[in-house]
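Comments concern the structure below.
Each ligand, and each atom within it, is numbered from 1 in the order the structure gives. Since the model is a prediction, treat every value here as computed from it, not as a measurement.
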Amino acid sequence: MTRSRVFHRSLRATPPVAVRGQGAWLYDQSGRAYLDGSGGAAVSCLGHNHPDVLAAMHAQIDALAYAHTSFFTTEAAESLAAMLVEDAPASTSHAYFVSGGSEAIEAALKMARQYYVEIGQPGRRHIVARRQSYHGNTLGALAVGGNAWRRAQFAPLLIEVEHVSPCYAYRDQREGESEEQYAARLADELEQTFQRLGPDSVMAFVAEPVVGATLGAVTAVSTYFRRVREVCDRHGVLLIADEVMCGMGRSGTLYAVEQEGVTPDLITIAKGLGGGYQPIGAVMAQERIVRAIEQGSGFFQHGHTYLGHATACAAALAVQQVIRRDGLLERVRAQGAGLRQRLERAFGDHPHVGDIRGRGLFMGLELVTDRASKQTFDPALSLHARVKREAMARGLMVYPMGGTIDGRHGDHVLLAPPFIVSDDELDQLTERLAGAIHAAIAQARG
Ligand code: PLP
């Protein structure tokens, strides 16, 4: 075979060539079918080749594919922003469109910083985030992320960010500690971190409402985000909710944070916003932040060539219209409950599945050598990579990751099937996953 000239993620293996997609399935060049149990990386919320999205994209490119946002706006961008704002938490007033999740985080950080400059608090510069979070791979987003392994070799290039504990009840909630006590302990840690940095110098706290890639669909205990919001409010610190993975319906509500009873100052979204049909992300901003910039310098000192790309906005608008028209948020909740049931049936007593967690169609399994001690597999075994390989061999896409507990130890499997997934497909997903986990562990054990 001729050497691929694509600089692939791994330079040791060339992935199969994808040629076609339909619903929850992808097909490679040899005709093999793969059930998309993870929506790629929690992206393909409507599955593949949705006719309404394709029609909207065709209509947009036939009229106008792209117009630079320093010259024009478009109907697609205006309609999409209006729709997203209408359904967003109270006082959200504007959407700033970018091309993906990392760009959304970068824009949110600069928006937070400019807000404080505009309102006469230029001393605010510190960012606080959580260990074991993922916020993207550009330098600013990587610095905010709390995964030690991803950061390590780039550490000399990263801006300073303070990291506090994640809300990770499976491992960190103490014996005899209630959810409220655990949330209060974490809020205290945040408070102390602000105090140490000098609360007047802290700009933002960044957190994923449901932690995706690095922890595997970990939800916070019920009062955590309210306590965090109180600490931020006490010190005038902006709360940035990173919903790039968990938002846009994935967790059962359009915005994941709706289930936490708080309103963030900025929300980043991407992935399910355009469902993979086009690259698009956004920052949803509260009115007072937009006002401060509007009444101050009048413009946000940021921008990229592809901001608010007309075809991307048209695709995302169609995706979001289909979600509303077809009642897909209810479907996420129903199919999510069905997926949880199946996982509990298949893995509830499994000796190597320590935790089954998540919300909506966003579920994770944490793999352990022993359920009682929660001992992790030796990282040298790369169990997560074996699970992925074995799943692909069985025609199933899942999104496993290692380093769950500290960037090095721990393995989990993330599941995020399309919202249109059928009961029969959920059966197949569970069955193939059970086979893949069984084979991967048998191999790892030698
Ligand atoms: N934030 C979160 C929570 C994510 O899960 C991701 C991607 O997985 C990102 C940001 C980065 O998004 P992108 O890969 O589109 O740059």
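- Of the inter-residue distances, the one linking K110 atom NZ with Q301 atom CD reads 6.5 Å to the nearest 0.5 angstrom.
- Shown here are the salt bridge (charged side-chain N to carboxylate O under 4.0 Å, His left out) partners of R125, two or more places apart in sequence or in another chain: there are none.
- S133 and E208 share no donor-acceptor pair across their side chains, judged by distance under 3.5 Å alone.
- Taking each heavy atom of C45 and G272 in turn, the nearest pair found is SG-O, 3.4 Å.
- Listed as neighbours of ligand 1 are G100, G101, S102, Y134, H135, G136, E208, D242, V244, M245, K271, each bearing a heavy atom under 4.0 Å from the ligand.
- Partner of E191 under the salt bridge (Lys or Arg N to Asp or Glu O under 4.0 Å) criterion, chosen from R227, R234, R196: R234.
- Under the 4.0 Å criterion applied to side-chain N and carboxylate O atoms, E390 and R394 are assigned as salt-bridge partners.
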